[in-house]
Engineer: 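I have a structure here, written as C-alpha cells, and I will follow up with some questions on it.
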Amino acid sequence: MEKKSYTVTAALPYANGPLHLGHIAGVYLPADIFVRFLRLQKHDVAFICGSDEHGAAITLRAKKEGVQPQEIVDKYHTLIKHSFEKFEISFDIFHRTSSELHHQYASEFFKTLHEKGAFEEQKSLQYFDATYQQFLADRYITGTCPKCQHPNAYGDQCEKCGADLSPTELINPTSTLSGNTPELKETTHWYLPMNNHEDWLREWIQKGSMEGEIIHDPKTWKNQVVGQCMSWINGGLRARAMTRDLDWGIPVPLPNSEGKVLYVWLDAPIGYISATQQWAIDNGKNWKDYWCKEEAKDRKLIHFIGKDNIVFHAIIFPILLKAHGDFILPENVPAYEFLNLEGDKFSTSRNWAVWLHEYLEHYPNKVDELKYVLTSIAPENKDSEFTWADFQTRINSELADIYGNFVNRVTVLIHKYYEGVIPSAHKLTTYDQKVLSEIATIPGKISDLLYQYKIREAQQEMMNLARIGNKYLADEEPWKVIKSDPIRVETILKVALQITEKLALCSRAFLPKTADTLLNMLQINSEDWDLTESMLISGNSIGTPTILFEKITDEWVDHEKSKLITTPITNSKYPIMKELISFEDFTKMDLRIGHVIAAEKMENAEKLLVLKVDTGIDERTIVSGIAKHYDAAAILGKKVVVLMNLAPRKIRGVESHGMLLMAENSEGELSALISDRDFDFGVTIA
RNA sequence: GGCGAGGUAGCUCAGUUGGUUAGAGCGCAGGAUUCAUAACCCUGAGGCCGAGAGUUCAAAUCUCUCUCUCGCUACCA
C-alpha cells in the first residue's frame with residue numbers, strides 16, 4: 001500500500017550566522033526539490049523548518065558582540081528566513097524556537113516524558129558556586145581526599161590513591177571557578193537512559209521493523225546513516241543528561257530546576273513539531289494529522305539533514321518520539337555529505353564561504369541557475385566541491401547551450417514560420433512517434449529517482465528532454481524541409497513544442513522560475529506531475545522568444561573568486577574586551593617565565609603535549625593543548641609564560657599544574673609568548 | 001585514539017546480489033551543419049577503479065594490511 005502523505009523536515013539552521021551554499025546544497029535544496037515533486041504527485045505534504053535559537057554558542061556570540069542573545073537570533077532568523085524566501089525554498093512554515101508556542105510545547109513534551117518515567121531522575125546535594133551562581137560539575141571541585149589525605153583530589157576521583165569519590169566526601173572543598181568554598185544545595189538532574197532503547201533501535205534501524213511490523217525498508221537508507229547508527233548502538237548507548245545550566249533556552253518546567261534549561265535534544269527537534277502546530281493554527285489544520293500515530297497512520301516522516309546530524313535524527317529523536325508514545329517515527333533520514341568551496345571546507349569563522357544572502361543580493365535573477373548547479377553537484381554520497389569555474393561551465397554549456405538554446409530554437413522557428421502561432425500536427429512519422437513515446441517515459445524515470453532521493457540523476461533526466469529535443473531538430477531539419485514540404489514542418493514544430501512542454505513540466509521541481517516562464521508562454525496550467533495528453537492548443541500564440549539563461553562571463557568568475565580571497569570578516573576579528581577586574585584580582589595571578597625542559601606528545605590524544613617546565617622554584621608538569629601548533633621538539637627549550645597558581649587539573653589522567661599562556665589569532669593559530677629581552681626563566685611578570 | 005563513510009577518465013559523479021571490451025555529463029580532438037545564446041548533431045581519444053597482499057574459474061565489487069579525505073566521539077582552563 002503506497003502511503004500518500006508526507007511530513008518533510010529540513011534541519012533547523014542555527015541562528016548565529018547566515019546561510020552559505022554548503023547548507024543549501026546539502027539540505028534545503030534537495031528537500032525542496034523532493035517536496036515540490038511530492039506536491040505535484042498530489043501527496044499531502046507539510047514542509048517544515050525554522051531556526052534553532054538556543055544554546056551556549058549563541059550566548060557566547062552575544063557576549064562577544066556585546067548584545068543580548070535575543071538580538072542575535074532576531075537578526076539571523078530574519079536574514080535566514082528572507083534568504084529562503086528569495087531562493088524560493090517552499091517551506092510551508094519557517095518557524096523559530098524562541099517562539100512562545102515552541103516554549104510551551106517543548107515544556108509539555110518534557111513533562112509528558114517525565115510523567116511516563118522516560119527519564120532517570122537524580123536528586124542530589126550538589127555544590128553550588130555562589131559567585132558564579134551555578135552548580136559545579138564534579139571535576140570543578142577539589143579538596144582533600146578522605147582516604148589518603150591528598151590535598152588536591154577531584155570531586156569524582158583522587159588520582160593519588162585512585163579512590164572513586166563523590167564531591168561531598170571531600171574535606172575542604174573548593175570551587176575551581178572562583179576558588180571559594182561552594183555551598184551544598186539540592187538539585188535534580190534528568191537523564192535519558194538511551195541504553196534502555198538499544199534493542200528496539202537495533203531492530204528498527206537494521207530491519208525497519210517495530211514490534212514485528214515492517215515500517216520502512218532499511219535498504220533505502222544511506223550506508224552512512226545505518227553505519228553510523230549501528231556503530232553507536234553496538235558501542236553501547238549511555239544515559240545523557242537532558243538539562244544544562246544556562247540562562248538562555250527553555251526553562252525546565254519542574255520544581256527545583258532554577259537556572260536549568262532543556263538541552264538541545266529536547267528543544268531543537270521538538271521545533272519541527274511546534275512549527276507544524278503553528279502552521280496548522282494558521283491554516284485550519286490539525287497538527288496531529290502530521291505527527292501522531294492515531295491520526296497520521298500512513299504518513300511518512302522524512303528528515304533531510306547533513307551528515308553531522310545523523311545520530312541526532314536517527315537515534316536520539318526517535319527515542320524521544322517513541323518514549324512519548326503518540327508519535328510516528330521517521331521513515332527515512334536522507335543525510336547529505338558536505339560541500340567544499342574551491343578546494344577547502346566552507347568556514348564561517350574564516351569567512352571562506354559564498355553566502356546565500358549576498359549571492360541573492362547581487363544576482364537576484366539567477367536563482368534557477370544556482371539551483372541547477374547545486375543540484376548537479378549535490379553531495380549525495382560523498383563530499384563534493386563548488387568552484388566558480390564549474391558554476392560557469394555548468395550554466396554555459398549545459399543550462400544555456402542545451403536547455404535554453406533548445407527552447408530558443410523552437411520558439412524562434414515558430415515565430416519565423418507562423419508568427420508565433422502554435423501549428424497543428426498532421427500525420428506522425430514513426431520517428432515522431434518514437435520521440436514522443438521516449439519523452440513520455442521521462443517523468444516516470446524522474447519520479448523513480450526522486451523517490452530514491454537521487455536528485456542529481458533526476459535532474460539529468462530532465463536535461464535529457466532538452467537533449468532529445470536538440471537531436472530531433474537536427475535530425476528533422478525543419479529549416480531545410482520548409483523549402484520543399486511546409487506542411488511537414490508544422491508537424492515537426494508541433495512535436496518540438498511538445499518536447500518543450502514536457503521539459504517545462506519536469507522543470508517545476510528543479511527550476512521553478514523557469515518552469516513558470518515556459519508554462520506561461522505555452523499557456524499551460526496544470527497541477528499534475530505528468531500529462532498523458534499534451535495541453536498545447538494549436539492556434540494559440542506563444543510569447544516572443546527570450547533568452548532563458550544568460551551566459552556567465554569570465555569577469556564574473558574572476559570577480560567572485562577574488563572576493564573569496566579579499567573579503568574581510570564581517571564582524572571584527574578582535575573579540576571585545578572582557579569585564580573589568582580589580583587590581584587585587586590581577587595580583588592574584590602568579591605569572592612567571594618558565595623553561596621547557598622536557599616535552600612529549602600524549603598518547604591517544606590529538607592536541608595534548610605533556611611538558612616539564614622549570615619555573616625557578618620548581619619543576620612541574622603541565623599538560624597543554626598545543627600539539628597542533630607545536631610538536632614536542634619545537635617547544636623543547638623554549639621560554640614560555642606560565643600561569644603558576646591555576647588550580648591543578650587532571651587531563652586525560654595526567655595532573656597539570658598551571659598553564660602556558662599563548663597568543664591566539666583569528667585563525668585559531670597559537671604562538672608562545674616569549675620575553676623580548678631574553679630574561680632568564682624564573683622571573684615574575686606583573 | 002575509537003567508530004562510521006568515502007578515495008573510479010582532465011573535471012563533477014554512476015556502477016544494483018562478484019561475470020563477457022568499466023559508464024554518464026562536462027572538457028578535449030576530428031567531422032557535419034546553420035533554425036539557434038560562436039549554439040546544436042555525429043565520431044573519437046582519455047581509467048594499474050588510492051597502494052599492497054589474499055579468496056575465486058572470475059574482483060572496482062568479498063577478506064586483511066597500509067595510506068589520504070570527511071564526519072561523529074574522547075581529550076584541548
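Every chain is numbered from 1, with letters handed out A, B, ... down the list of sequences.
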Engineer: Out of B/rA36, B/rA77, B/rC35, which nucleotide sits closest to the side chain of A/Leu413?
Structural biologist: B/rC35

Engineer: When the P atoms of B/rC13 and B/rU8 are considered, how many whole Å apart are they?
Structural biologist: 9 Å

Engineer: Report the residue (A/Thr546 or A/Lys471) whose heavy-atom-nearest nucleotide on RNA chain B is the more 5′ of the two.
Structural biologist: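 Nearest-nucleotide comparison on RNA chain B picks A/Thr546.
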
Engineer: Which whole-number value in Å describes the distance from A/Asp401 CG to B/rA38 P?
Structural biologist: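 Rounding to the nearest Å, CG of A/Asp401 and P of B/rA38 are 8 Å apart.
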
Engineer: How far, in whole Å, is B/rG18 from B/rU37 if one measures between their C1' atoms?
Structural biologist: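 Their C1' atoms lie roughly 47 Å apart.
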
Engineer: In Å, rounded to the nearest 0.5 Å, how long is the span from CD1 of A/Ile315 to CD1 of A/Ile310?
Structural biologist: 10.0 Å

Engineer: Would you mind checking if A/Lys366 and A/Asp368 are paired as a salt bridge, meaning a charged N to carboxylate O distance below 4.0 Å?
Structural biologist: no

Engineer: With respect to the phosphate group of B/rG27, does any side-chain polar atom (N or O) of A/Ser397 fall under 4.0 Å of OP1 or OP2?
Structural biologist: yes

Engineer: How about A/Met644 and A/Thr615: do any of their side-chain heavy atoms sit closer than 4.5 Å?
Structural biologist: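 Sidechains of A/Thr615 and A/Met644: in contact.
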
Engineer: Could you give the CG-to-P distance, from A/Asp554 to B/rG27, as a whole number of Å?
Structural biologist: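 Spelled out: CG on A/Asp554 to P on B/rG27 is 14 Å.
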
Engineer: With a 6.0 Å cut-off (strictly less than), is the heavy-atom count around CD of A/Glu342, excluding the residue itself, greater than 12?
Structural biologist: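 Correct, the count exceeds 12.
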
Engineer: Consider the side chain of A/Trp479, meaning its heavy atoms from C-beta on, and name the nucleotide among B/rC35, B/rU37, B/rC72 that approaches it most closely.
Structural biologist: B/rC35

Engineer: Take the protein atom CD1 of A/Ile455 and the nucleotide atom P of B/rC13, then report the distance between them rounded to whole Å.
Structural biologist: 13 Å

Engineer: On a whole-Å scale, what distance lies between the P atoms belonging to B/rC48 and B/rA39?
Structural biologist: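 31 Å, rounded to whole Å.
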
Engineer: For B/rG23, what is the paired nucleotide under Watson-Crick or G-U wobble rules, both distances under 3.5 Å?
Structural biologist: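 Pairing partner, where one exists within any strand: B/rC13.
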
Engineer: At under 4.0 Å, does any side-chain N or O of A/Asn381 touch on OP1 or OP2 of B/rA14?
Structural biologist: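 Affirmative; the distance criterion is met.
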
Engineer: What is the base-pairing partner of B/rA36, counting Watson-Crick and G-U wobble geometry with both distances under 3.5 Å?
Structural biologist: none

Engineer: With side chain to side chain donor-acceptor pair (under 3.5 Å) as the rule and sequence neighbours excluded, what pairs involving residues 230-242 of chain A come up?
Structural biologist: A/Arg202-A/Asn234

Engineer: Please tell me which of the listed nucleotides, B/rA77, B/rU34, B/rG4, lies nearest to the side chain of A/Gln228?
Structural biologist: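 For the A/Gln228 side chain, the nearest candidate turns out to be B/rG4.
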
Engineer: Please check the phosphate of B/rC11 (OP1 and OP2 only) for any side-chain N or O of A/Thr393 closer than 4.0 Å.
Structural biologist: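 For A/Thr393, the contact criterion (side-chain N or O under 4.0 Å from OP1 or OP2 of B/rC11) is not met.
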
Engineer: Taking atom C1' of B/rU12 as reference, at what distance in whole Å does atom CG of A/Leu339 sit?
Structural biologist: 12 Å

Engineer: Would A/Glu476 and A/Arg488 pass as an ion pair if we require N to O under 4.0 Å?
Structural biologist: yes

Engineer: Under a 3.5 Å cutoff, is there a donor and acceptor pairing between the side chains of A/Glu560 and A/Tyr363?
Structural biologist: yes

Engineer: Any base atoms under 4.0 Å from A/Glu385, or only sugar-phosphate, or nothing? Heavy atoms, all strands.
Structural biologist: sugar-phosphate

Engineer: With nearest nucleotide decided by heavy atoms, which residue, A/Tyr372 or A/Asn309, maps closer to the 5′ end of RNA chain B?
Structural biologist: A/Tyr372

Engineer: Figure out the CG/P separation between A/Asn405 and B/rC26, and round it to whole Å.
Structural biologist: 13 Å

Engineer: Strictly under 3.5 Å: I want the nitrogen or oxygen pairs between protein and nucleotides 68-70 of chain B, one per line.
Structural biologist:
residue : atom : partner  : partner atom : Å
B/rC70  : O4'  : A/Asp383 : OD2          : 3.4
B/rC70  : O2'  : A/Lys307 : NZ           : 2.5
B/rC70  : O2'  : A/Asp383 : OD2          : 3.0

Engineer: Measure from CD on A/Glu398 to P on B/rG27 and round the result to the nearest Å.
Structural biologist: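 For the pair A/Glu398 CD and B/rG27 P, the rounded distance is 8 Å.
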
Engineer: How would you label the contact of A/Val412 with the nucleic acid (heavy atoms, under 4.0 Å): base, sugar-phosphate, or nothing?
Structural biologist: sugar-phosphate

Engineer: Kindly say if A/Lys219 contacts the phosphate of B/rU17, meaning a side-chain N or O under 4.0 Å from OP1 or OP2.
Structural biologist: no

Engineer: Taking atom P of B/rA38 as reference, at what distance in whole Å does atom CD1 of A/Ile552 sit?
Structural biologist: 15 Å

Engineer: Just to confirm, is there a sub-4.0 Å distance from OP1 or OP2 of B/rU12 to any side-chain nitrogen or oxygen of A/Lys382?
Structural biologist: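 No, outside the criterion.
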
Engineer: Would you say a side-chain N or O of A/Asn223 is under 4.0 Å from OP1 or OP2 of B/rG6?
Structural biologist: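 Answer yes for this pair, as a side-chain N or O of A/Asn223 is under 4.0 Å from OP1 or OP2.
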
Engineer: Could you give the distance separating B/rC26 and B/rC64 at their P atoms, to the nearest angstrom?
Structural biologist: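 About 40 Å, rounded to a whole number of Å.
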
Engineer: Counting Watson-Crick and G-U wobble pairs only, both distances under 3.5 Å, name the nucleotide matched with B/rA53, or none.
Structural biologist: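 Check on B/rA53: paired to B/rU63, both distances under 3.5 Å.
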
Engineer: Picking from B/rC41, B/rC35, B/rU37, which would you name as closest to the side chain of A/Lys416?
Structural biologist: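 Looking only at heavy atoms from C-beta outward on A/Lys416, the closest nucleotide is B/rC35.
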
Engineer: Does the distance from a Lys or Arg side-chain N to an Asp or Glu carboxylate O, for A/Lys382 and A/Glu337, drop under 4.0 Å?
Structural biologist: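 No, A/Lys382 and A/Glu337 are not salt-bridged.
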
Engineer: Expressed as a whole number of Å, how far does the P atom of B/rG2 sit from that of B/rC11?
Structural biologist: 32 Å

Engineer: I'd like to know if A/Arg394 pairs up with A/Asp401 as an ion pair, taking the criterion as any Lys NZ or Arg NE/NH1/NH2 lying under 4.0 Å from an Asp or Glu carboxylate oxygen.
Structural biologist: no

Engineer: Salt bridge check: are A/Asp448 and A/Lys454 linked by an N-O gap of less than 4.0 Å?
Structural biologist: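 Between A/Lys454 and A/Asp448 there is no salt bridge, as every charged N stays at least 4.0 Å from the carboxylate O atoms.
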
Engineer: Under a 3.5 Å cut-off for both contacts, is B/rC28 paired Watson-Crick or G-U wobble with anything, and if yes, with which nucleotide?
Structural biologist: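 WC or wobble partner is B/rG44.
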
Engineer: Could you work out the separation of B/rG7 and B/rC76 based on their P atoms and round it to a whole Å?
Structural biologist: 35 Å

Engineer: Quantified in whole Å, what is the P atom distance between nucleotide B/rA14 and nucleotide B/rG6?
Structural biologist: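 One P to the other, the span is 10 Å.
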
Engineer: Could you let me know what B/rC72 is paired to, Watson-Crick or G-U wobble, both distances under 3.5 Å, or none if it's on its own?
Structural biologist: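 By the stated definition (distances under 3.5 Å), B/rG2 pairs with B/rC72.
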
Engineer: Base, sugar-phosphate, or nothing for A/Arg238, non-hydrogen atoms under 4.0 angstrom?
Structural biologist: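 Here A/Arg238 touches no strand at all.
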
Engineer: What's the gap between B/rA29 and B/rA45 when it is taken at their P atoms, as a whole Å value?
Structural biologist: 16 Å

Engineer: A/Glu550 CD to B/rA38 P: how many Å, rounded?
Structural biologist: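 It works out to 12 Å between those atoms.
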
